[in-house]
Structures are given as structure tokens and as C-alpha cells.
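Have a look at the structure below, then the notes.
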Number of protein chains: 2
Amino acid sequence: MVTRPLRSDAARNRVLLLAAAAEEFAAAGMNASIADIARRAGVGKGTVFRHFPTKDDLLAAIVLDRVESLTALAFSLASADDAGQALFDFLAEAAGRQQQLDFSFLRDSGDINDQLREARERLYLTIIALVERAQAAGAVRADVTGLDVILMMCVPAHVVSFVPGAAPDLWRRYLAMVIDGLRPEGAHPLGPPSPVEAV
Amino acid sequence: MVTRPLRSDAARNRVLLLAAAAEEFAAAGMNASIADIARRAGVGKGTVFRHFPTKDDLLAAIVLDRVESLTALAFSLASADDAGQALFDFLAEAAGRQQQLDFSFLRDSGDINDQLREARERLYLTIIALVERAQAAGAVRADVTGLDVILMMCVPAHVVSFVPGAAPDLWRRYLAMVIDGLRPEGAHPLGPPSPVEAV
DNA sequence: GGCTAAGCGGACCGGGCGGTCAACTTGTTA
DNA sequence: TAACAAGTTGACCGCCCGGTCCGCTTAGCC
């Protein structure tokens, strides 16, 4: 399937649209309206649907981009000298980026795109590798799984969302608490086993 | 203001309505529709509005009930012998209850009811007292605030909501991680200061 | 049993939203 | 520059939802 390049104005609009949509989704969640997105991008509503057949597709395009870039980051950290620090650096970057676009969209966008599902799977596998290396290095307690870490990764953004005028780096505080809960020192039994699948 | 007692059928419908609404809100969040709630309760839509002038009022009534019952629980634990265990018990009960109705409603329900705001304030003060006692007993690290704990209290329910077929007690696993992050042993600096207000 | 007011129900209204379409504009290419 | 395809636009459609309203039902009381 060969696709001819977009006309120049269409390419420009596509970029404007993605940026506007990311902001609107970040501000209003799945309630952001197509009309608002179009207005913010300075285009007509019809143009939105020409680029993305449905609202879900638009959201999926944005999330896919974030997911893939996060995978790239995780991959680049996979061979760092300090495996523990590598994981914690990754979590910090992930939490920081989620200030802009929460991952709960992975859940909200109901029937997930196939492409997005695959990208998510790649991200998860890469993170799991980071976690296992960090555990082997003794930086992370042995009784958590990669999936646990993935789930806890979303915590700082979520917590901060409850604080109206939050300082821009407040998420670091809660990330620090989460990480302290992942450390081997002072770990208590966790109780129920980790789930096998999520989101 | 003296209010005559409800007619018997009206009283019955009111409790059916509250139960149905709690379930619908738990399942669909703020997107739960009045029509669905009415159907589940087996009453007409008009009846819903006779009991609760707006959808927000209905939600507020439910949340108010939960908040007050949680305050009562916290209060009853405020003089327990083991202050650390008292706090952890409270967090467990709070997390367990949130499996049914997430506290994010405190945020979602836009302009919060005055009555609800006061109830929330009482709950927060009671929790803060629990936290300070637990800190004095050395069970909780000194650099977290009561508000931090309040914010982290919502984490287990949120995390579990990403796991489709989650075991009914899975939240205990993530509560254990959260609590381990609150313990003094192995605590690392938190970075940014705690916020002064939330939700 | 009969009266009355509290309570009930569902048709209805207005508004907002996702998505469609056909007329119009514009980038591209020869 | 001419001609065409690609792109844009906003009016429009159907749907759903919160909330209203008025005719009907029924509990409570004598």
C-alpha cells in the first residue's frame, strides 16, 4: 500500500490538529468535543474527520505517538550501567510526560486499536525488561512484577490531578513515595498475587 | 425547617434509587445516565428528579454518605492502642470501599455541595489526626503529611481499575506497596513539598 | 369508603455532540 | 496558466441526555 504524500496544507493542518487535540484531551479528558478541537486548531470540523475517521482514531493517534516514544526511551535505558537508576529514570520521565496526557486513555478509549495494542505490548515488554534488570541489581524488591510497576507508573499523574494549583514538579514527590514502596528495604509481604494482564 | 416524613412508597423508592445510582455511577462514572438509574431502580425518570433536583445532587447524596461513614470509621480508630496499625487498618477499609465507589467523584462532581465540602473537611481532619499519631508512634515516615496520605489513599482503587478481571482483593497488593512507601525504613528524600490543599 | 395531597411516570423540550455531505477553495502538476 | 484532484468547510442529521410538566395513581387519614 503506497500512499501519496499529503498536500502541504493538509500536512500542516494534521500537525495543528494533533497538537490541539492533545491539549483538549489533556484538559477535558474524553469529554473534549471535536468542535472545540477544531476551533483550537483553527480548522473546520469536517477537516478533523477527513484526517481521523472517528474521535477514537484521533485519540488513538495521539496515544500511539506517546506510547512509541516512551518505548524508545525505555529501550535506550535498557543497557544503562546502573539498572536501578535506569528504571527510576524511566519512571520519572514517564510520570513527567503523563502530566500532559494521562495514560488512563489506554483504558478510556474503549475498543483499542490493533496498532495501539501492539505498541502497548512492545512498551510493556520493554518496561518489564527494565524491571527485571533492576531487580537483578537489587534495586527493586523481588516480589513485584513488571506489570505491578507498569500499573504504579500511572500513580503520580493521577494523584497530582487531585491537586488544583499543583506545582509543576509535584509529581516527583509522589513518584518518590511510589519508588520507595518498590525498594527492597523495609518491604512487607504484598498479599494477593500480581495480575497477569492489565488495561 | 420541619419536614414531614416521606410517604412509605417514596421512602422505599428513595433507597432503591440511591442503591441503583451507586451501582450505575460505580460502573459508568459520571457518564451514567439518569434514565439508566431510573430503569435499574424500577421507577420513572421523573421520580429521580423529585427526590434529587439534579444529577449532581444525586451523586452528592451518595458521596456524602460514604464520606461520613468513613469519618466515623476514622474517628473510631483515633484512639486505638497501636496508632500505626490504626492508620493502616483505616487505609485498608477505605481502599476496600472504594472498589465500589471511587473517590474521584469528589473531583468529578464539579461545584461541590457545601454540605459535602464540610463533610470532606471533617474526614480530612480526622485522617490527618490518624496520620500524626502514626508518625508519633514511628510507624510512618516523618516527611509525609496527612494530605499526602489522603491522596495516596485513592491509589489502590485507581490501579485496580486498570485490571479487567481483577481478583476482588487485588487492591490489597497495591495498598501494601503504598504503605511500604509510607514507612520510615528505607525512606529517601521526597523532593517537592506537599501541597497545602487538594480536591 | 371517600377525600386529598403527596408521589409517580413518561411524553416532551432544548441543547450538545459525533459524524456526513455537497459545494467551494487551493495546492500541484504538466 | 489551465485543469484536476485533494482538501476544506459549516450547515445539517440523528441521537442521547438532563431536566420539565402535567395528568394519573395511591398512601394516609377521617
Side-chain angles (χ1 to χ4, degrees), chain A residues 1-63 105 108-113, chain B residues 1-63 105 108-113:
Chain A
M1 167 185 170
V2 48
T3 66
R4 310 218 284 82
L6 284 179
R7 231 170 65 173
S8 61
D9 55 343
R12 179 168 32 85
N13 280 341
R14 190 172 205 278
V15 175
L16 290 174
L17 220 41
L18 283 169
E23 290 179 46
E24 288 288 327
F25 281 135
M30 203 49 178
N31 296 327
S33 81
I34 294 284
D36 285 347
I37 292 170
R39 200 172 310 122
R40 184 187 282 254
V43 304
K45 212 168 59 138
T47 304
V48 180
F49 288 104
R50 158 160 281 266
H51 287 274
F52 306 95
T54 72
K55 192 180 175 181
D56 280 350
D57 288 321
L58 173 55
L59 178 58
I62 295 170
V63 175
F105 286 120
D108 290 349
S109 71
D111 350 320
I112 212 170
N113 193 326
Chain B
M1 166 186 169
V2 49
T3 66
R4 309 218 282 82
L6 284 179
R7 231 170 66 174
S8 61
D9 54 346
R12 179 168 32 85
N13 280 341
R14 192 172 202 277
V15 310
L16 288 175
L17 220 40
L18 283 169
E23 290 179 46
E24 288 288 326
F25 281 135
M30 204 48 178
N31 297 328
S33 82
I34 295 283
D36 284 348
I37 292 170
R39 200 172 309 121
R40 183 186 284 254
V43 303
K45 211 167 56 138
T47 303
V48 180
F49 289 103
R50 159 162 282 266
H51 286 274
F52 306 95
T54 72
K55 190 180 175 180
D56 280 349
D57 289 319
L58 173 54
L59 178 58
I62 295 170
V63 175
F105 286 119
D108 291 348
S109 72
D111 356 321
I112 211 170
N113 193 325

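Every chain is numbered from 1 and lettered A, B, ... according to where its sequence line falls, protein lines coming before strand lines.
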May I have the distance from A:Phe49 (atom CZ) to C:dA22 (atom P), rounded to whole angstrom? 17 Å

Atom CZ of B:Phe25 and atom P of D:dC17: how far apart are they, to the nearest Å? 13 Å

Roughly how far, to the nearest 0.5 Å, is the CG atom of A:Asn31 from the CG atom of B:Asn31? 6.0 Å

A:Lys45 vs D:dG10: side-chain N/O to OP1/OP2 distance below 4.0 Å: no

For the side chain of A:Asp9, counting heavy atoms from C-beta on, which of C:dG9, C:dG18, D:dT8 is nearest? D:dT8

Using only atom types and a distance under 3.5 Å, with no angle test, would you say the side chain of B:Lys55 pairs donor to acceptor with the backbone of B:Ser33? no

Do the side chains of A:Asp9 and A:Arg12 get close enough for a salt bridge, i.e. N-O under 4.0 angstrom? no

On DNA chain D, compare the nucleotides closest to A:Arg50 and B:Leu6; which residue's is nearer the 5' end? A:Arg50

Tell me whether the side-chain N/O atoms of A:Asn13 come closer than 4.0 Å to OP1 or OP2 in D:dG7. no

Rounded interatomic separation in angstrom, taking CD1 from B:Ile37 and C1' from C:dG9: 17 Å

Which part of the nucleic acid, if any, lies within reach of A:Ala11 when heavy atoms closer than 4.0 Å are counted: base, sugar-phosphate only, or nothing? nothing

In this structure, CG of A:Asp57 is separated from NE2 of A:His51 (nearest 0.5 Å) by 13.5 Å

Looking at C:dG9, I'd like to know if its phosphate oxygens (OP1 or OP2) sit under 4.0 Å from a side-chain N or O belonging to B:Thr47. yes

Taking only the side-chain heavy atoms of A:Arg7 (C-beta and beyond), determine which of C:dT26, C:dG7, D:dG19 contains the nearest atom. C:dT26

Could you give the CD-to-P distance, from B:Glu24 to D:dG18, as a whole number of Å? 11 Å

Are B:His51 and C:dC8 close enough that a side-chain N or O sits under 4.0 Å from OP1 or OP2? yes

Rounded to whole Å, CZ of A:Arg12 lies from P of C:dG27 at a distance of 8 Å

Check the distance between D:dG19's C1' and B:Asp36's CG and give it to me in whole angstrom. 16 Å

On the nucleotide C:dT28, are OP1 or OP2 found under 4.0 Å from the side-chain N or O atoms that A:Ser8 carries? yes

Minimum heavy-atom distance between B:Ile37 and B:Phe25, given as atom pair plus value: CD1-CZ, 4.1 Å

Nucleotide D:dT8, atom P - distance to CZ of A:Arg14 in whole Å: 12 Å

Nearest-nucleotide wise, let me know which of A:Ile34 and B:Ala10 is further upstream toward the 5' end of DNA chain C. B:Ala10

Euclidean distance, atom CZ of residue B:Phe52 to atom P of D:dT20 [Å, nearest integer]: 15 Å

